[in-house]
Amino acid sequence: MATIPASLTSVLLYSMNLLSLILLGLKRDSTVISILGLANLFSSLSGSYLIYGFNEYMGVLVAQCLGKKEPRLAGLYYHRNLLCIAVVFALNITAILFSREILILMGMPEDVSTQARNYLFTIIPSIFFAGLADTFKNFVSAHKIFRPFL
């Protein structure tokens, strides 16, 4: 029964890559590569990398707290990290809302910028669940009970 949440998380975590491959296969157009590349780069730079950085730092703090036998402080760090991720995700969505205009200001063609923004709208759940899954993974890893699948 415990494999169902792990499986669902994996599907949601990799749905962005799966959606990219499906779009590449369906469109058969060279501009799709630029659209997907721009959109994935934009989502990474507008918040995803920051979320992963927070998660790594949270894992270090939680491991230190558990080493000091302070599980309550570890829980506080975990919940503070979830709040920080929510704020970054809200900023990420704000950047995605204006991604078309930002990409046009950077000199990208208007049609490519519009399609990149549309793609970014479709991967918003994947960005959220990827950040959340990474948070849970780092928290569990800090407890030294995480055993990856082989």
**OP:** Go through the steps for N40 and I123 under the test side chain to side chain contact (heavy atoms under 4.5 Å, CB included), then give the verdict.
**Re:** CA-CA 9 Å; N40 287 329; I123 64 170; 4.2 Å; yes
[atom2] on [Y] to [atom1] on [X], rounded to 0.5 Å:
X	Y	atom1	atom2	answer
N81	T135	CG	OG1	5.0 Å
M108	I104	CE	CD1	11.0 Å
L50	N92	CG	CG	9.5 Å
S44	I51	OG	CD1	10.5 Å
M106	E101	CE	CD	13.5 Å
E110	T114	CD	OG1	5.5 Å

For the student: nearest non-hydrogen atoms of [X] and [Y], plus distance:
X	Y	value
L120	S43	CD2-CB, 3.8 Å
L66	P71	CD2-CA, 4.2 Å
S46	A95	CB-CB, 3.9 Å
A39	Y119	CB-CD2, 3.2 Å
L103	A116	CD1-CB, 3.9 Å

Subject >> Close side-chain approach of F54 to Y49, heavy-atom, < 4.5 Å >> reply: no
**OP:** State, with a plain yes or no, whether a side-chain heavy atom of L38 is found less than 4.5 Å away from one of V112.
**Re:** yes
Original post:
What do the steps show when you test Y57 against Y77 for side chain to side chain contact (heavy atoms under 4.5 Å, CB included), and what is the final call?
Top reply: CA-CA 10 Å; Y57 187 62; Y77 281 134; over 6 Å; no
Original post:
So, S99 side chain and I96 main chain: donor-acceptor pair closer than 3.5 Å or not?
Top reply: yes
Original post:
Are a donor atom and an acceptor atom from the side chains of S113 and R100 found within less than 3.5 Å of each other?
Top reply: no
Original post:
With distance as the sole criterion, is a donor-acceptor pair present between the side chains of N55 and N138 under 3.5 Å?
Top reply: no
**OP:** Given side chain to side chain contact (heavy atoms under 4.5 Å, CB included), test R80 with L61 step by step and report yes or no.
**Re:** CA-CA 11 Å; R80 183 182 71 176; L61 291 175; 3.7 Å; yes
**OP:** Determine whether more than 12 heavy atoms belonging to other residues, nucleotides or ligands lie under 6.0 Å from atom CZ of F121.
**Re:** yes
Subject >> Stepwise side chain to side chain contact (heavy atoms under 4.5 Å, CB included) test for M58 and L82 >> reply: CA-CA 10 Å; M58 182 264 315; L82 287 176; over 6 Å; no
